[in-house]
*Asks:* 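Please find one structure pasted underneath; my questions will follow.
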2 protein chains.
Amino acid sequence: MTQPADRLGGSGSGDGPVADELRLLPGSRSTDRKVEAGQELFGVGAPFDAVYNLIDGWVALYTLLEDGRRQIVQFVLPGGVFGMCGGSSGRTTYGAQALTEALVSVVSLAVLTARLRDSPDVTARLVRSLSRDRALAFDHLTSVGRRNARERVACLILELFVRCRTQWPGNRIEEMYLPLTQEHIGDATGLTFVHVNRVLRALRKEGVVEFHHRRLRILDPDRLVGVAGVDHNAAMAWL
Amino acid sequence: MTQPADRLGGSGSGDGPVADELRLLPGSRSTDRKVEAGQELFGVGAPFDAVYNLIDGWVALYTLLEDGRRQIVQFVLPGGVFGMCGGSSGRTTYGAQALTEALVSVVSLAVLTARLRDSPDVTARLVRSLSRDRALAFDHLTSVGRRNARERVACLILELFVRCRTQWPGNRIEEMYLPLTQEHIGDATGLTFVHVNRVLRALRKEGVVEFHHRRLRILDPDRLVGVAGVDHNAAMAWL
DNA sequence: CGGTAACTTGAGAGTGGTCAAGTAGAGTGG
DNA sequence: CCACTCTACTTGACCACTCTCAAGTTACCG
């Protein structure tokens with residue numbers, strides 16, 4: 001474990017009682033694969049014949065432009081499913097990188113289609129997951145397309161905060177582990193890390209949020225929601 | 001019909017032999033609903049208990065910010081499925097507006113879940129559709145987050161061109177009907193319509209594309225791909 | 001022929017990018 | 001224990017891409 005022991009964001013390094021409700025296919029943990037922080041699960045354009053189901057840890061999905069510009073299109077939390085791609089090319093259009101030590105269940109497409117056939121429950125899980133992803137992607141698109149830098153950063157922080165809360169309903173509401181660099185935030189919001197830094201400093205000086213050493217502290221939740229420019233109810237809808 | 005008769009982009013106004021492969025639920029056309037161009041299918045935050053399956057025409061999915069800023073998150077073409085939302089709120093987070101006269105099949109959630117249960121084929125269609133949507137959303141996100149105005153506009157045009165081609169493999173490759181205003185393009189690319197106009201003028205002057213009166217003419221496909229900054233293969237992957 | 005929606009163009013301003021330099025912190029090896 | 005290194009963070013100066021505001025023009029439709 002490279003993370004501090006008291007972090008939120010994982011159920012620990014053991015193979016303990018990992019909740020089955022995080023699994024697309026409950027039960028089978030024979031296909032589990034563990035990767036270290038920073039490792040790539042698969043790269044952009046990799047052939048795909050399997051679906052990944054994150055059980056523990058954080059994963060970032062990203063795309064690349066020819067000249068190296070990068071866009072993080074999604075942060076995956078436990079329970080998330082990725083690796084399925086639209087298009088007929090049989091290759092992924094995005095890559096997946098573990099942000100922390102992570103545990104994924106690898107499900108081959110053959111197994112998945114078989115299970116979809118006989119298990120309405122698996123189908124429902126997958127459809128729900130894909131729908132959620134699409135809704136999240138739409139939100140990000142709106143943020144990046146129509147919000148300014150302050151709003152984007154605040155929005156992202158708020159989103160991750162809310163998603164973490166629901167994943168790990170811990171008690172330390174004011175502080176949480178966020179395994180990101182400012183460059184990650186920039187790549188997710190469509191900004192440069194230099195500008196992310198400026199925004200973060202401003203928010204810090206104003207006493208809204210504090211983000212140092214992968215620890216996020218929400219100093220003033222209400223102000224944060226205000227800066228993000230989201231409806232109070234909308235923020236709750238992420239739950 | 002408000003569109004010229006020779007447009008690409010629809011199978012006509014009749015109730016003729018609409019291909020069943022566009023339908024999530026083949027056969028049942030009792031639930032079809034026809035809407036005029038410009039009409040809203042549902043607004044942002046509408047309660048949803050049904051899934052929409054576009055059979056004919058163009059639809060735009062959009063989100064709104066409190067102050068009126070709008071982001072188009074997806075252009076739906078025949079065969080597309082929308083109206084399913086992630087989140088548990090039971091309300092849509094985006095609205096849907098018909099860009100042309102459109103024909104949609106409305107499937108109640110109850111019916112859908114029943115069909116998912118007993119028809120692997122329906123399940124496969126839905127999963128494929130949702131996966132494709134997610135991939136498209138990721139592409140848009142990359143565009144809006146990491147490309148400049150020229151690239152974004154070129155990308156969008158290219159994407160719509162390719163998608164149209166595959167929908168309606170007509171013969172007039174050089175010209176097609178695109179039921180958008182420059183403001184639509186702006187709302188989809190995260191730009192203002194003023195700036196979209198400038199970009200479009202420049203591309204026109206350079207002899208790359210021409211877009212007037214809802215007619216798009218690709219003057220120089222290779223240059224367009226170059227301006228868009230996409231890999232030649234990647235462009236084909238949309239097919 | 002008037003009204004309206006879409007498109008066009010210009011001038012000025014501002015948000016956010018680029019480039020460059022420097023600081024802080026964690027890990028490593030002498 | 002102290003350089004040394006590497007990554008992440010910080011800050012400043014400058015600039016440009018894109019927005020805003022404001023006037024027009026054009027095309028379509030009643």
Side-chain angles (χ1 to χ4, degrees), chain A residues 1-4 36-38 60 65 67-71 97 99-100 143-156 177-205 209-217 227 229, chain B residues 1-4 36-38 60 65 67-71 97 99-100 143-154 156 177-205 209-216 227 229:
Chain A
M1 290 291 285
T2 56
Q3 280 83 37
E36 308 166 26
L65 267 50
D67 59 2
R69 283 175 285 181
R70 182 171 79 157
Q71 175 72 40
Q97 184 189 30
L99 298 175
T100 65
S143 229
V144 173
R146 289 307 188 199
R147 292 187 206 274
N148 64 28
R150 260 174 86 84
E151 295 173 319
R152 285 187 221 176
V153 171
C155 257
L156 180 66
Y177 174 70
L178 205 58
L180 308 179
T181 65
Q182 295 184 355
E183 189 164 14
H184 285 126
I185 297 179
D187 285 343
T189 52
L191 301 166
T192 59
F193 68 90
V194 176
H195 201 64
V196 168
N197 182 280
R198 287 192 247 264
V199 170
L200 243 24
R201 299 243 86 214
L203 292 178
R204 158 84 195 289
K205 190 152 68 183
V209 294
E210 202 169 27
F211 178 52
H212 271 319
H213 306 296
R214 328 242 137 150
R215 296 225 139 247
L216 176 73
R217 191 178 308 177
V227 172
Chain B
M1 289 289 286
T2 56
Q3 280 83 36
E36 308 166 25
L65 268 49
D67 58 4
R69 284 175 286 182
R70 182 173 78 156
Q71 175 72 39
Q97 184 189 29
L99 298 176
T100 64
S143 229
V144 173
R146 288 306 186 199
R147 293 188 205 273
N148 63 30
R150 260 174 84 85
E151 296 173 318
R152 284 186 224 175
V153 171
L156 180 67
Y177 174 70
L178 204 60
L180 309 178
T181 65
Q182 296 185 355
E183 189 163 15
H184 284 125
I185 296 178
D187 284 343
T189 53
L191 300 167
T192 58
F193 68 90
V194 176
H195 202 62
V196 168
N197 182 282
R198 286 192 245 266
V199 170
L200 244 23
R201 298 242 88 215
L203 292 178
R204 160 80 197 290
K205 190 153 66 182
V209 294
E210 203 170 26
F211 179 53
H212 271 319
H213 307 297
R214 326 243 140 150
R215 295 225 139 247
L216 175 73
V227 172

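Below, chains carry the letters A, B, ... as their sequence lines are ordered, and counting in each starts from 1.
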*Asks:* If we ignore angles and hydrogens, is there a donor and acceptor under 3.5 Å between the side chains of A:Thr181 and A:His184?
*Replies:* yes
*Asks:* D:dT11 C1' sits how many Å from A:Phe193 CZ, rounded?
*Replies:*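 It works out to 12 Å between those atoms.
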*Asks:* Checking all strands, does A:Leu200 fall into the base, sugar-phosphate, or nothing category for heavy-atom contacts under 4.0 angstrom?
*Replies:* nothing
*Asks:* Between A:Thr192 and C:dG16, is there a side-chain N or O to OP1/OP2 distance below 4.0 Å?
*Replies:* no
*Asks:* OP1 or OP2 of D:dC9 versus the side-chain N and O atoms of A:Asn197: is any pair under 4.0 Å?
*Replies:* no
*Asks:* Would you mind reading off the bend of the helix from C:dC1-D:dG30 to C:dG30-D:dC1 from its two end axes, five pairs each, to 10 degrees?
*Replies:*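 Inter-axis angle at the termini of the helix from C:dC1-D:dG30 to C:dG30-D:dC1: 30°.
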*Asks:* Once you apply a heavy-atom cut-off of 4.0 Å, does B:Gly190 come out as touching a base, just sugar-phosphate, or nothing?
*Replies:* sugar-phosphate
*Asks:* Using whole Å, report how far CZ of A:Arg201 lies from C1' of D:dG12.
*Replies:* 14 Å
*Asks:* Whole-Å distance between D:dT10 C1' and A:His195 NE2?
*Replies:*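 From A:His195 NE2 to D:dT10 C1': 14 Å.
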*Asks:* When you measure from the side chain of A:His213, which nucleotide among D:dC28, C:dG25, C:dT15 comes out closest?
*Replies:*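 The nucleotide sitting nearest to the side chain is C:dG25.
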*Asks:* Polar-atom pairs under 3.5 Å, protein N or O versus N or O of nucleotides 11-14 of chain C: list them with distances, or write none.
*Replies:*
{"from": "C:dA11", "atom 1": "N6", "to": "B:Arg198", "atom 2": "NH2", "distance (Å)": "3.4"}

*Asks:* Classify A:Gly38 by what it touches in the nucleic acid, base, sugar-phosphate, or nothing, heavy-atom distance under 4.0 Å.
*Replies:*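 No contact.
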*Asks:* Does a nitrogen or oxygen in the side chain of B:Gln182 sit under 4.0 Å from OP1 or OP2 of C:dT8?
*Replies:*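 Indeed, a polar side-chain atom of B:Gln182 lies that close.
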*Asks:* Given atom CG of A:Asp67 and atom C1' of C:dG17, what is their separation to the nearest angstrom?
*Replies:* 14 Å
*Asks:* Let me know which of A:Lys205, A:Arg204, A:Arg198 forms a side-chain contact (heavy atoms from CB on, under 4.5 Å) with A:Arg201.
*Replies:*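 Option passing the side-chain contact (heavy atoms from CB on, under 4.5 Å) with A:Arg201: A:Arg204.
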